[in-house]
Amino acid sequence: MDDWFLQAGSGARFDWGPVGARRLAADVACLVVVDVLSFTTSVTVAVESGTRVFPYAWHDESAVKFADAMGAQLAAGRRTASPDSPWSLSPAALRNAPFVPRLVLPSPNGSSIAAAAGGSVVVAACLRNATAVGNWLAHHGYGTPERAVAVIASGERWPDGSLRPALEDLLGAGAVLSALREQRGGSMSPEAAAAVACFEATRDVTAAVADSASGRELSYGGFADDVGIATELDACGIVPVLTDGAFTAVG
């Protein structure tokens with residue numbers, strides 16, 4: 001099988017979406033999921049409070065059964081949260097919702113990427129914890145050709161289901177890779193180096209995300225607080241790692 005897509009020989013790699021995750025997962029030791037305006041920012045908010053977060057790819061009847069099996073609360077869609085079910089993919093809603101020890105967080109992008117990892121270690125990263133994740137990766141020896149890491153930007157979806165690359169996820173991935181490079185140096189694929197260059201050349205990341213297509217979509221839809229939380233740069237020192245099927249904080 002062709003292996004040109006693996007970015008082989010590089011300690012730090014970058015790609016997009018569930019398909020990119022599945023391709024690179026076969027050749028790396030660690031997979032970092034980045035979904036800035038939704039899944040991974042929500043994971044950091046929930047894990048900060050002590051909640052274990054179970055990713056799940058779909059929000060359908062199977063998610064209800066999965067949540068029941070896990071003894072967990074099922075999060076609603078961002079626009080379908082209610083007083084009876086205040087947990088959702090909205091970071092602001094999660095921050096204000098009552099504490100639950102276990103939460104199933106359905107996400108067709110972030111959860112699908114996590115599920116694509118196979119035997120790789122999976123970490124949830126966003127702008128809130130990018131430096132913490134980069135430092136953790138370096139401390140645990142990731143980022144070398146022998147223990148390669150792939151940082152996956154989730155992106156969004158067009159109405160036909162195809163991938164729409166999203167600026168906020170490119171910046172989030174670049175922030176993680178920038179922190180990793182500062183700690184470890186080492187070899188980066190051209191794709192990873194380009195993500196770093198984009199992040200480091202963006203003078204005002206908060207403004208860029210807020211004015212991006214995804215940021216404006218959320219703000220115009222009444223979720224400006226989510227954009228605000230998602231752009232709390234390095235406000236979180238938590239590194240959520242997928243352990244026994246759930247994201248939990250590790251040192």
Side-chain angles (χ1 to χ4, degrees), residues 17-18 21-22 31-118 121-126 128-129 152 154-157 159 161 163 166 168-169 172 214 217-218 221-230 232 236 238-250:
R22 285 193 295 271
L31 202 69
V32 179
V33 186
V34 179
D35 189 353
V36 166
L37 286 177
S38 189
F39 179 72
T40 53
T41 293
S42 295
V43 169
T44 63
V45 170
V47 170
E48 274 181 314
S49 73
T51 297
R52 298 184 67 208
V53 177
F54 293 82
Y56 198 77
W58 308 110
H59 199 294
D60 56 15
E61 187 60 33
S62 69
V64 175
K65 294 178 180 178
F66 178 73
D68 287 343
M70 295 297 103
Q73 179 68 47
L74 177 63
R78 194 193 306 258
R79 291 174 172 81
T80 58
S82 67
D84 292 333
S85 181
W87 305 275
S88 78
L89 273 170
S90 162
L94 281 181
R95 182 171 281 179
N96 294 320
F99 169 77
V100 288
R102 291 173 164 234
L103 181 69
V104 172
L105 200 59
S107 166
N109 286 340
S111 292
S112 296
I113 292 170
V121 172
V122 181
V123 178
C126 57
R128 298 187 73 240
N129 70 341
I152 306 296
S154 293
E156 297 291 346
R157 295 285 174 182
L163 176 72
E168 67 276 7
D169 294 339
S214 301
E217 177 188 17
L218 283 183
F223 294 96
D225 287 347
D226 285 349
V227 180
I229 292 173
E232 294 173 344
C236 175
I238 294 293
V239 179
V241 177
L242 195 62
T243 306
D244 296 329
F247 283 106
T248 56
V250 300

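Listed here is the closest heavy atom pair of Gly245 and Pro55: O-CD, 3.4 Å. A pairwise comparison of heavy atoms in Ser88 and Leu105 identifies O-CD1, 3.9 Å as the closest pair. Residues Asp35 and Gly110 share a closest heavy-atom pair of OD2-N, 3.9 Å. Between Ser42 and Leu89, the shortest heavy-atom contact is OG-O, 2.9 Å. Across Leu94 and Leu103, no two heavy atoms sit closer than the pair CD2-CD2, 3.8 Å.
At least one donor-acceptor pair under 3.5 Å links the side chain of Asn129 to the backbone N or O of Ile238.
Contact annotation: the side chain of Ile152 never approaches that of Val33 to less than 4.5 Å [non-hydrogen atoms, C-beta and beyond]. Using a 4.5 Å cut-off on side-chain heavy atoms (C-beta onward), Asn96 and Pro86 make no contact.
For the pairing with Ser214, the side-chain contact (heavy atoms from CB on, under 4.5 Å) check across Val36, Asp169, Leu37 returns one residue only, Leu37.
Annotation: the span from Asn109 atom CG to Arg157 atom CZ amounts to 5.0 Å, rounded to 0.5 Å. One distance of note links CG of Leu74 with CG of Asp68; it measures 8.5 Å at 0.5 Å rounding.
Note: Phe66 and Tyr56 have parallel aromatic rings, judged against thresholds of 30 and 60 degrees for the angle between ring planes.
Using a cutoff of 4.0 Å between basic side-chain nitrogens and carboxylate oxygens, Arg78 and Glu217 are not scored as salt-bridged.
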